[in-house]
Amino acid sequence: MIQLLLKILTCEEDSVPDQTADSTVFQSGLLLDMKPGVRVCVPSAAVLGLFCRGCLSRSRSWPGRSFSSTSREMSRWNSQDTSPPSPQENVRVLITGGLGQLGVGLAQMLRKQYGRDNVILSDIKKPPPHVYANGPFVYADVLDYKHLRELIVNNRVTWLVHYSALLSAVGEANVALARKINITGLHNVLDLALENCLRLFVPSTIGAFGPSSPRDPAPDLCVQRPRTIYGVSKVHGELMGEYLHHKYGLDFRCLRYPGVISVNTPPGGGTTDYAVQIFHDALSTGHHECYLRPDTRLPMMHISDCHRATVEFMQAPECQLSLRTYNIAAMSFTPEEVAQEIRKHLPHLKVTYNPDTVRQTIADSWPVRFDDTNARRDWGWAPAFGLEELVSDMLRSIRDKRTSEGLPVS
Ligand SMILES: NC(=O)c1ccc[n+]([C@@H]2O[C@H](COP(=O)([O-])OP(=O)(O)OC[C@H]3O[C@@H](n4cnc5c(N)ncnc54)[C@H](O)[C@@H]3O)[C@@H](O)[C@H]2O)c1
Ligand SMILES: C[C@@H](O)[C@H](N)C(=O)O
């Protein structure tokens, strides 16, 4: 036992204890006896060979009996299956809200690494044919706890990427629904992750900051008083995840994404959506009407950087993480600056400005720049796309897409 303790304290990656061979686990320096057949929330790290001090020392107090135990049976804790998970056990990912702007591309990247059938996309919408053809897809409503649990158990899911949400602008248009999906849905996912020892990724956003936060740059840790239901739900997610991590050892991981810019799937009703639409307009009509003022600066990121950050962060060993929620940054620009860069390729682009009060007010409360020093230091985050590369890539991709669809290119 002393040897085991020493191994854990030195963060050795091979120090995966066999929970069944020795029914004793640590709690705050104490040793707790556990009943045979009861598992603590360590296997998700053990599965990956990433066991380290941080994980185990936080993981001995399992929540099974007290956390949500009245309405939700804790099947895993009562399980008869006492065999420890094999280190070779596959990573099996479930992505909720996977048919939005970000899910399909992330699934593609994960499938390259973990195999087509080990990454399951889910949503409440009907998938387009190419998505359905490219790997497993299941219907999953994050408000339906029992069905979500069935999916996780039946598919032996080990990682959960929780993308379902209403974004900032649509959230303000339907606060009650945003509260349901973004907060109740999140609680379901947190409970299930804890119950099934999942590694859980929940994205946060620049929208988790507000007018009283430092805006240039916004650091990881500072005042967060967002003024949107979207932002409030994201801060709630950050705090709940971190709380469950510290209290019960949940392997919660969260990145605050900037506005994400992509070609294939349209954005879902956020404040940064103009930065996608402007490229499509530039190549179709040559005219973009912007709902933000020309000088509104916001942090932005190319979708491939966003996906790569997510995968790299999910793969990072626990002992490298000094935080559970990190800012990630790539570039910051204003509508006028991105228009200028597009005009280097398409000089005829015309942009007019017709600020929309709701989105302008939201944008004015968000950071203009992100400080991502901690992500760079802890797990080696580095973006590949700056503004120049982003603009060239977006124009090339949209041009190719329009051409292959037989659409005119301006
Ligand atoms: N896209 C960005 O710029 C950006 C930036 C920061 C953070 N994020 C976060 O990343 C995540 C994914 O963003 P996105 O842009 O793909 O969002 P999106 O709005 O494009 O997609 C969200 C998806 O959630 C689904 N959904 C809605 N209600 C659901 C329910 N009850 N059950 C299951 N699914 C449901 C929708 O059908 C939709 O496909 C979100 O949590 C968002 O807050 C996105
Ligand atoms: C920034 C991000 O969270 C989303 N694109 C929004 O604008 O709401």
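Sequence positions, counted from 1, serve as the residue numbers for this chain. First listed ligand is number 1; within each ligand, the first listed atom is number 1. As the structure is a computational prediction, the values presented were derived from the model and not from experiment.
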Determine whether any heavy atom of [X] lies closer than 4.0 Å to an atom of ligand 1.
X	result
Gly259	yes
Leu167	yes
Ser204	yes
Arg256	no

Inset, instruction - Show which atoms of ligand 2 fall inside a sub-4.0 Å distance from at least one heavy-atom site of Thr205. - result: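 Per the distance check, 1 (C), 2 (C), 3 (O).
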
Legend entry - Under 4.0 Å to a heavy atom of Tyr230 - the qualifying atoms of ligand 2, by number: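 In order of numbering, the contacting atoms are 2 (C), 3 (O), 8 (O).
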
Inset, instruction - Name the orientation class of the two ring planes belonging to Phe385 and His302 (parallel below 30°, tilted from 30 to 60°, perpendicular beyond 60°). - result: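 Because their plane-to-plane angle is under 30°, the rings of Phe385 and His302 count as parallel.
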
Inset, instruction - Using the six-membered ring wherever Trp is involved, compare the ring planes of Tyr230 and Trp366 and label them parallel, tilted or perpendicular (cut-offs 30° and 60°). - result: tilted

Suppose we measure from [atom] to each protein heavy atom; which comes out shortest, and what is that distance?
atom	value
atom 5 (C) of ligand 1	Pro258 O, 3.2 Å
atom 5 (N) of ligand 2	Thr272 OG1, 2.8 Å
atom 3 (O) of ligand 1	Val260 N, 2.9 Å
atom 7 (O) of ligand 2	Thr271 N, 2.6 Å
atom 8 (O) of ligand 2	Ser168 OG, 2.6 Å
atom 41 (O) of ligand 1	Lys234 NZ, 2.8 Å
atom 39 (O) of ligand 1	Asp123 OD2, 2.7 Å

Inset, instruction - With the side chain counted from C-beta on, respond yes when Tyr257 and Met301 share a heavy-atom pair under 4.5 Å apart, and no when they do not. - result: no

Legend entry - Residues Asp251 and Arg324 bridged, charged N to O under 4.0 Å: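 A salt bridge is present here (some side-chain N lies under 4.0 Å from a carboxylate O).
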
Legend entry - Lys/Arg N to Asp/Glu carboxylate O, Glu388 vs Lys344, below 4.0 Å: no

Legend entry - Ring centers of Phe370, Phe209 separated by less than 6.0 Å: yes

Inset, instruction - Would you please indicate if the ring centroids of Tyr114 and Trp159 are separated by under 6.0 Å? - result: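 Yes, the ring centres sit under 6.0 Å apart.
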
Legend entry - Side chain, backbone, both or neither: Ile206 near ligand 2, heavy atoms under 4.0 Å: side chain

Inset, instruction - Keeping to residues at least two apart or across chains, list the salt bridge (Lys or Arg N to Asp or Glu O under 4.0 Å) pairs with something in residues 104-128. - result: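 Pairs touching residues 104-128 that pass the test: none.
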
Inset, instruction - Using non-hydrogen atoms of the residue, decide whether Tyr257 is closer than 4.0 angstrom to ligand 2. - result: no

Legend entry - Ala140, portion touching ligand 1 at heavy-atom distance under 4.0 Å: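 For Ala140, the contact with ligand 1 is made by the backbone alone.
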
